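Since we're looking at a predicted model, the values are computed, not measured. Heavy-atom basis, side chains included; hydrogens, waters and symmetry copies ignored. Counting from 1, the numbers follow the sequence of the chain as shown.
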Amino acid sequence: MGVSNNITAVLNFIAFLCSIPIIAAGTWLASKPDNECIHAFRWPVVILGVLILLVSLAGFVGACWNKQGLLAFYLFCMAILIALLLILLVFAFVVTRRDGSYQVPGRYYKEYRLDGFSDWLRDRVTSSANWGKIRACLADSDVCTKLNQDYLTADQFFNAHISPLQSGCCKPPTVCGYNYVNPTLWINPVNQVGDPDCFLWSNDQTQLCYNCNSCKAGLLGNLRQEWRKANVILIVAVVVLIWVYLIACSAFKNAQTEDLFRRYKQGWV
């Protein structure tokens, strides 16, 4: 195995290692309650990570056994996968750029407005065709029931760092003026006309605010936070992959030159 192929093998091993955090980030995203309820957002990152892993293994085999056709296949496929990963990163950044949160006086947590998020996210998540299934999925989860276990007093709850999803779905909007009993039980509103969601709030634990716009906004807030965190890992991985790919292209050209020179010498002799 020539020097260039040795370099290519090492680079493919680095690319293989890069696929692991990509798969881990995708698995982490898919495991979140909001992504469990939105199937379209669950698997793109995992699928890309697995494909990068398989292509890296193909490139490693091609470099170790000097299979030029396999190396060419690796370079072609890796270019496509890096481009797809870049497109996904740019798209995720654009659709999560807008933040619909706002601060509430006397509360540590934030609340969320639906019109503060991108149109694309709103259309995909909150349309009547999709929200019924998402709502039923959220109601079956433990997103809200966990609050009753974690916070026993009003002061504890008002100073808690709860998720956007919990802020929007598990309690009424603060402007309604409901009195706290526990995190998912509120009574005697003093300003029900303050927000249309005030009329939609229900102390029925299967209803809560799952029909509220604040719940839809909270779901989008959760998605935004999670994708922003995952993007940090994906950006680092794609930078390393681009660096590896450029060096691998150079090594592939050098390997072809070495092979041509070796054949020339053998023919000359």
Short side-chain to backbone donor-acceptor contact, [X] and [Y], under 3.5 Å:
X	Y	result
Ser167	Lys110	yes
Gln192	Pro196	no
Asn213	Leu114	no
Ser250	Ile247	no
Arg228	Thr96	yes
Tyr112	Leu165	no

Path from [X] to [Y] over hydrophobic side-chain contacts below 4.5 Å:
X	Y	answer
Leu234	Ile80	yes
Leu53	Val10	yes
Trp243	Leu81	yes
Val143	Leu185	no

Atom [atom1] in [X], atom [atom2] in [Y]: separation rounded to 0.5 Å?
X	Y	atom1	atom2	value
Asn222	Cys37	CG	SG	10.5 Å
Leu138	Tyr210	CG	OH	6.5 Å
Asn231	Leu88	CG	CG	7.5 Å
Leu85	Ile52	CG	CD1	5.0 Å
Leu223	Lys32	CG	NZ	12.0 Å
Asp195	Cys176	CG	SG	5.5 Å

Any donor-acceptor pair under 3.5 Å linking the side-chain atoms of [Y] with those of [X]?
X	Y	value
Asp155	Thr153	no
Asp204	Ser202	no
Asn130	Ser127	yes
Glu111	Thr174	yes
Asn188	Trp186	no
Arg98	Ser118	no

[atom1]/[X]: more than 12 non-hydrogen atoms of other groups inside 6.0 Å:
X	atom1	value
Tyr151	OH	yes
Phe76	CZ	no
Phe158	CZ	yes

State, to 0.1 Å, how close [X] and [Y] come at their nearest heavy-atom pair, and which atoms those are.
X	Y	answer
Cys215	Cys209	CB-O, 3.1 Å
Pro173	Asp197	CG-CB, 3.7 Å
Leu71	Gly59	CD2-O, 3.4 Å
Asp150	Gln156	O-OE1, 4.5 Å
Asn148	Asn182	OD1-OD1, 3.3 Å
Val175	Asn191	O-ND2, 3.1 Å

Using side-chain contact (heavy atoms from CB on, under 4.5 Å), reason through Ser56 and Met78 one step at a time and then give a plain yes or no.
CA-CA 8 Å; Ser56 300; Met78 188 59 75; 3.6 Å; yes
Which donor-acceptor pairs under 3.5 Å do side chains of residues 14-29 form with protein atoms, sequence neighbours excluded?
from	atom 1	to	atom 2	distance (Å)
Ser19	OG	Phe16	O	2.5
Thr27	OG1	Ile23	O	2.8

Non-hydrogen side-chain atoms of [X] and [Y] separated by less than 4.5 Å:
X	Y	result
Asp99	Arg224	yes
Asn211	Arg135	yes
Val244	Val240	yes
Leu86	Ile242	yes
Tyr180	Lys171	no

Kindly give the cluster partners of Leu152, where membership spreads through any ILVMFWY side chain lying under 4.5 Å from a current member.
none
One pair to check against side-chain contact (heavy atoms from CB on, under 4.5 Å): Leu70 and Phe60. What are the steps and the verdict?
CA-CA 9 Å; Leu70 197 55; Phe60 184 81; over 6 Å; no
Can you tell me how the ring of Phe157 sits relative to the ring of Tyr109, calling it parallel under 30°, perpendicular over 60° and tilted otherwise?
tilted
Test log, rule disulfide (SG to SG under 2.5 Å), inputs Cys170 and Cys144
CA-CA 5 Å; Cys170 306; Cys144 294; 1.9 Å; yes
Applying side-chain contact (heavy atoms from CB on, under 4.5 Å), run through Thr184 and Asn203 and close with a yes or a no.
CA-CA 7 Å; Thr184 60; Asn203 284 318; over 6 Å; no
Please determine whether side-chain contact (heavy atoms from CB on, under 4.5 Å) holds for the pair Trp201 and Gln207, giving the CA-CA distance in whole Å, both sets of side-chain angles, and the decisive distance to 0.1 Å.
CA-CA 8 Å; Trp201 167 258; Gln207 300 292 326; over 6 Å; no
Keeping to residues at least two apart or across chains, list the ring-ring contact (aromatic ring centres under 6.0 Å, His included) pairs with something in residues 115-145.
Phe41-Trp120, Phe91-Trp120
